Each structure stands twice: as C-alpha cells, then as structure tokens.
Amino acid sequence: MTPAFVALRSGDSVRAQVIAAFADDGALADGITGFVARTSQADMAAAVYDTIDAGGTLIAEAGTGTGKTFAYLVPALLAGGKVLLSTGTKPLQDQLFRKDLPAVLDALRINAATALLKGRANYVCLHRMAGAESEGLLPTRDDVGHLRSIVRFAATTSTGDRAELAAVPENAAIWPMVTSTRDNCLGAECPRFAECFVYKARRDAQAADIVVVNHHLFMADLAFRDDSIRDFLPTVNTVILDEAHQLPSIAADFFGASLSLAQLLEAGRDARALGLARAPDGASWITLTSQFERAVRDLRLALGAVGLAIGTRTPLERIERRSDLQPAFDELDAACAELGRALEINRGRDAELDLLIPRLADLRRGLSGWSGALKTAASDRNENQFEEEGTGDAMPSVRWISVSTHGAQFNETPLRPGQALARAREAQPQPWILTSATLTAAGRFDHYLTEVGIEDALTARWNSPFDFAKQALLYLPQSMPSPYDIRFAQNVAEAAWPLVRANGGRAFILCTTLRAVDKVAERLRQLMALDDQPLPLLVQGASTRRALIEAFRSSGNAVLVGSISFWEGIDIRGDALSLVVIDKLPFAPPDDPVVEAKIRYLRKMGRNPFNEYQLPEAIILMKQGVGRLIRDETDRGVLMILDERVLTKPYGKTVLASLPPFARTRSEAEAVEFLTRRRAG
Ligand code: SF4
C-alpha cells in the first residue's frame, strides 16, 4: 500500500471527511472544474462509506446526474486499502482509469498506485507476434501491414494494450495471431516472460492500491475461466461494480458453457503451424489438420442440413432429425483422436506443441458431451426436467445451438445465473458495492436481487437531481400504430418525421430489432427526399458502433437509427441529441431459447414469469434507452414512445411510472413547439 494514502483533515472521522469532500467548499469543488455539490451524491457517498466500514453488500441505484462515480470513488479512496473497480465495457474502463480516477485522486490529494487490467486478448503477445513475423504466412496484404504496425507499436508501448493502437482496427484478422489465450500461453516457460505485457499488467495490478477491470474479466475470474484477478482478489478490501445492471447477463455467459466451431478450427490451424515449424518430421501435419478441418466443416454443413438456418438460436430438443448429426460428430471425433495421437507421439519436442495436447483433449470431451446431449435431448422439453435441477445443487440450464454464416456455437446457459454469482460472492467476504442508474422496476429491487442472487444486500435509491418536468417532454401520439401491424416500422418513421424535421435531426431512433432498423431508416430516407430536407442518416450496421456514435457527435444534425446495442452506454450531452424515439417496449423475444426456457422454469416454480421476469427486464432496458435523452442540467428534449401498449395494457402504467417524471403530451403540435423553442434557445 502506498504510504502517502492520506486523510484530508486529520481530526475528522473518515465518514465526516467523505461528506466534507462533497460540500460547496470541499475538496471536489476545489479541485474539479465544474463540480456542483449535490445532496444526493454526498448521501450516496456516505452510504458507500458505511458499507465499506461495516461490511456487506450495498446495491445502489443512482439516477442520471447523481454523479455516482465520484460517490463511490471518494469513500473508497478515503477508506484506504486495496480497491477493485469493475465497469461494464472497455471504453468505460479506460474513462474511469484515465479521467475520473486521476481527477478524484488529485482533488483529494491522495497518492495511490493505480492499475488498469484487461483480459489477456487485449495485450500483444510478444512470443506469438515473433512467431507470426518469422513464419511469414499471413494470408492478406492487410494482415502484413497490420503486423508491421503491431511490431512497431510493441517496441515503443509500455502497456502492450491494443486499444492504444488505433491504426489496426479492433476486428482485424491479425489480432488472434498476435495475442494469447489461456490455452496457448507458455506462462513462466515463455522466452519473453520477463517482458510479457500480460504478466506485467498482472504484476502491476497485484502491487496497486486501486485496480480497474471490466465485468467480463471479473466474471471470467469468478467462474474460473481466467486467473488474472484470482491472485490478488483475496487481498482486496473493497469491490465496486459500476454498470451493475449488466451483471446478470454477463454472469449467464460466464457461468454457462460453450463450444464453437471457430475454437476447433483455431486449434487445427495452431496444430498445423506448430507441427510444421517445430516437429516437421513428426507427422503428416498437413494431411491430419486438413482432415480435421474438413470434419469441422462437415459438422457445420450437417447442422444446416437438419434445418438450422443462419442467424438462428435453437434449443437442442427442437432440432428435428438430430440423430442425422451423429455421423458428423463421429467423423470429427475420429479426426480429433488422430490429431491427438500425432501430438502425443511428439510430446516433449516443443512446449507450445505440447500445450495442444490438453487443449485438443478438452475440445474432444466437449464435443462428446454435446453429441451425448443431442442423443438424450427430450423431444418435447417437459417441465418436470426442472424439478430436480431447481431444487438440488445443480443449476437449471438450457442447451442451445447458434448458427452463423460459416460457424456455429453450442451453448449451455444457466437459468439462474444469480445462484452461481451468489456462491462466488460468498467466497469473497469483503464489502461489495453494486451500482447503476437502472436497477429497479417500478421502484423495486426484487427482480434485480433475484437475478444477482444476493439476498442479504442493503438497497438504496437516489433519484436524478434533474428537473425532468421542465427539461423534457414525453410525447405519446394520439393514434399509435399497433406494434403487431405489418407496416409498424414504416409508421414509426412517418410519425417521427415531423419531430425529426422540426428538431433539425439531433435524434436517436431506438428500435427493438435489426429488421425494424432497416425499415425505419429506409422510410426516413424517402421522407427526407420527399420533403427535400436531407439530414445525415446513420444506420446500425453501416459502420462500427463506435464510428457511428462519433459521426453522430461530430455532425451536429444527424439522425441515428439503431437497435438494442444503442440503448445504453452512450453519453451525448447538449444540443446534438435532443430527440429520442422508441418504437416498442423492449420485451425479450419469447421464442429465444434462453427466454423461453426461463419462462417455463419460472412457471414450473410457481412464479409469474411476466411480472417477475419479462416486464422488469423490459422496464430496466427501457430506462436505459430513455436515459440517453437528458444527460445534463441544461439538456432539453422530447421522448417519443410509439408503443400503444403503454396506454392500453394494464402493465403500461407500471412502465410509465418507472420512467423519469417528464411532462407529458399527446399533441404533436406541442411536441414540435417544444423542440422549436428549444432550438431557438
Ligand atoms: S508469456 Fe504468454 S502472453 Fe506472454 S509473451 Fe509468452 S506466450 Fe505471450
């Protein structure tokens, strides 16, 4: 621990110092430009401090503008000890590490060692990079250019974090070749171990007072899929999880199991490259790996042949003629076994080649598990199945297959991820703070508590300090199209257009499906042409999410049409975004294998799946979408909801009561006037 971890005013208790830091004349007002003292922020900071002091779990919802980041940073820093901060995404992680954390440390005049830690795939692997360079077998010119940039970057960077290398796109094909996985990393036996970026980041995290991670890394570690944090997690005094609404879905991913054809193909590629390079006389590597790859592709073809179309997610028991898949599984198993034998014969000749032996054995075990599951999957999934699973120690889960253009993935998703999360929580007794702007539905935490499985937590809510009734108008049109109407998406565009036009763009149109995105965008394009009012139209899929958001920010009059990934994690303040249009209530599709299984499971448990699961999930997501509009005290704007169910269905009242208390209108003229006035200043 850094000795310079100091208290602010040495006579006060730490709690008093926490509260004093948020005063009009406190350390934050003094050290942070534009800081405005807010009672709710100081109250939340005191509650966070009390949890750190007394132990336990605090689950805190803080409405937009409360300033929750400072409200947890200040008490955590003043309380001292090692702090683990986790947030939802890597960009948020970077912002916390590079902006908010240094600002608060400076303001509090605390000198503490900080570290940023990401999953290993984010760091250049010096050993694999050297291998890719010397083998010189890169398939495309782009790959060659990217590798050159990465080699130059690796020579000058101190972190090896690929986020610092903008010249190579995030999705470039080169990255898997120059980064490591747990399966192919040589660890202490690696010739580059001493200078390795992955292990340097871990050593820095181990030595730091404050470590910033993301939920994927945190959850992977809790689920024993990673070991970046495990070495120092027991030494952490406080765990803080921001954007905590994402935890249940991330936990469902990590506490489940999956096996993808891409993993198999990658193992085959590694076997061929390493075999040829390190044991060229050891086996007919090209023949063996070609057979193996052909068997993987044959399994993909077999999935298509039994009716699994591209883009579908299908539970095992719904696959008709699933016994037709067995020959493909058998062929792949045989190819796996043969490749495994060749590796075994060469054991001891090369450390990296040896790593492929357990890796292939794991994949083979996984395949055999899926082949067995397909044989035994009940034709009609019967609800009794959950009876044993739900009462015993085993976790109820659903098995399903997703198919993409060239690949497929076998998945097992737990239906109660909270059960696994709660076990992991019990094993880590330090205080935990979970916070987000959206954890409650209709003011209640019940649903979230069930989802995270933490029953003995303290819960608290702080409403946004914004004057929503003055700053924003909720517009519910007089005649809304039925969301079941075939022309619904076109109607959305037509209903939104007068507002978009009046506002000079500056609008987000948030849809619930990708199909709706395309249709709404198409109709908007026509309307712009008809009215001769061209505006920059940014449509999901045309570019990366980040590039679209940047384009929206810089254009100043754009219209962005996007689906669920645009409903959260976007902070655009001021004029640029002053109209948010929501097409439908974001209910999860009931025919999705996980949603469907969860509904059936809850019903079996005697619970009400709609009230206890589907509705609260939709409300929490709805609050995220609505939260894009007012980000600041000076923001003004209109929220338009086009789903008539908020008015016609009994649950509509609950939805509306969960949203910020905007002024309301059903008159288009009033909404247009609000926007026109806003533009006039
Ligand atoms: S230790 Fe692992 S991650 Fe580090 S350079 Fe070696 S192989 Fe790559």
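Note that the structure is a prediction, hence the values are computed from the model and not measured. Each ligand, and each atom within it, is numbered from 1 in the order the structure gives.
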To check your reading of the model: name the closest protein heavy atom to atom 6 (Fe) of ligand 1, its residue, and the distance in Å. C190 SG, 2.3 Å
For atom 4 (Fe) of ligand 1, what's the nearest protein heavy atom and its distance? C196 SG, 2.3 Å
In terms of atom number and element, which parts of ligand 1 are under 4.0 angstrom from non-hydrogen atoms of L186? 2 (Fe), 7 (S)
Measure Y199 to ligand 1 on non-hydrogen atoms and call it side chain, backbone, both or neither using the 4.0 Å cut-off. side chain
In short, L117 meets Q93 closest at the heavy-atom pair O-NE2, 2.8 Å
CD (E344) with more than 12 external heavy atoms under 6.0 Å: yes
Search all heavy atoms of T289 against all heavy atoms of L339 and return the closest pair with its distance. CG2-CD1, 4.1 Å
Could you walk me through whether H127 and F193 pass ring-ring contact (aromatic ring centres under 6.0 Å, His included), step by step? CA-CA 9 Å; H127 181 64; F193 185 66; over 10 Å; no
What atoms of ligand 1 come within less than 4.0 Å of a heavy atom belonging to L126? 5 (S)
Does the shortest distance from atom 2 (Fe) of ligand 1 to an N/O/S atom of C185 fall below 2.8 Å? yes
Could you check whether atom CD1 of I357 has more than 12 heavy atoms from other residues, nucleotides or ligands sitting under 6.0 Å from it? yes
Closest candidate by heavy atom, reference atom 7 (S) of ligand 1, pool C125, S180, P191: C125
Are the aromatic ring centres of W432 and F218 under 6.0 angstrom apart? yes
